[in-house]
K.L.:
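Dropping a structure here in structure tokens format, bear with me for questions.
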Amino acid sequence: MKRLVVALALLLSGCGVQATGAVPMGPAPTFVPRGETSGLAPADLVLFFVVDGHIQGVARPSNGRNSLSTALTLLLKGPDAEEMKRGMVTFLPTSSGSVAYEVADMLTLKLPFALKGLTPLATSQLACTALTALNVSGIGTARPDLVTLSGADGAVTQRGCDG
């Protein structure tokens, strides 16, 4: 009986944590795991832009150019007119250069602009787009969840697809 009273008292007292409602944070960034298409057409590219302060992927037809380099080139051009109407923006600087990359134990992107000063959302745009393109293509043996970013200013960082 004593155990029942103690158990009932604990149950009624709760743990002291106040209940709160859901805190909206927007959709979590996601990338397509290696070998999966998640409903995408096989020729789609997935680019990541910023919407309401969060990273969001958008599928674009690749027109037969489904590669990591094509995805990065299109990402640097920013959202198209339709994507802008949907509130998509880019936090990446405009650049006349292209992103070079190496696929070894880890994917490394060599940026044509300084890494210093880029926001976390900008680096997430790069990481999510690159990792998704790498995983869909299945090229190389790189770690599929982390990318090394190397800026034109010599700065280097590692980033996963988070935002």
K.L.:
Applying side-chain contact (heavy atoms from CB on, under 4.5 Å), can you list everything that pairs with Ser69, at least two apart in sequence or on another chain?
P.N.:
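Here the qualifying residues are Ser67, Tyr101.
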K.L.:
Given Leu76 and Val99, is the side-chain contact (heavy atoms from CB on, under 4.5 Å) satisfied, shown in steps?
P.N.:
CA-CA 9 Å; Leu76 291 184; Val99 177; 3.6 Å; yes
K.L.:
Who are the side chain to side chain donor-acceptor pair (under 3.5 Å) partners of Thr90, not counting sequence neighbours?
P.N.:
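Checked Thr90 against side chain to side chain donor-acceptor pair (under 3.5 Å); matches are Gln125.
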K.L.:
Under the side-chain contact (heavy atoms from CB on, under 4.5 Å) test, which residues partner Thr73, sequence neighbours left out?
P.N.:
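side-chain contact (heavy atoms from CB on, under 4.5 Å) check on Thr73 returns Lys77.
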K.L.:
Flag the pair Val89 / Met84 as yes when at least one side-chain heavy-atom distance between them is below 4.5 Å, and no otherwise.
P.N.:
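When only atoms from C-beta onward are counted, Met84 and Val89 do not touch, as no gap falls below 4.5 Å.
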K.L.:
Of all residues at least two apart in sequence or in a different chain, which pass the side-chain contact (heavy atoms from CB on, under 4.5 Å) check with Ala155?
P.N.:
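Once residues adjacent in sequence are excluded, the partners of Ala155 under the side-chain contact (heavy atoms from CB on, under 4.5 Å) criterion are Leu115, Asp153.
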K.L.:
Within the structure provided, determine whether Arg86 and Pro79 are in side-chain contact (heavy-atom separation under 4.5 Å).
P.N.:
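No - every pair of side-chain heavy atoms lies 4.5 Å or more apart.
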K.L.:
Begin with the C-alpha distance, continue with both residues' side-chain angles, and end with the deciding distance and a verdict on side-chain contact (heavy atoms from CB on, under 4.5 Å) for Phe48 and Thr132.
P.N.:
CA-CA 10 Å; Phe48 287 81; Thr132 298; 3.5 Å; yes
K.L.:
Of all residues at least two apart in sequence or in a different chain, which pass the side-chain contact (heavy atoms from CB on, under 4.5 Å) check with Val51?
P.N.:
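Partners of Val51 under the side-chain contact (heavy atoms from CB on, under 4.5 Å) test: Gln56, Met88.
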K.L.:
Quick one: salt bridge (charged side-chain N to carboxylate O under 4.0 Å, His left out) partners of Lys110, sequence neighbours excluded?
P.N.:
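Only Glu102 meet the salt bridge (charged side-chain N to carboxylate O under 4.0 Å, His left out) criterion with Lys110.
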K.L.:
Given Leu109 and Val147, is the side-chain contact (heavy atoms from CB on, under 4.5 Å) satisfied, shown in steps?
P.N.:
CA-CA 7 Å; Leu109 301 182; Val147 62; 3.7 Å; yes
K.L.:
Kindly indicate whether the side chain of Asn135, heavy atoms from C-beta on, has any atom under 4.5 Å from the side chain of Asp145.
P.N.:
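Contact flag for Asn135/Asp145 side chains = no.
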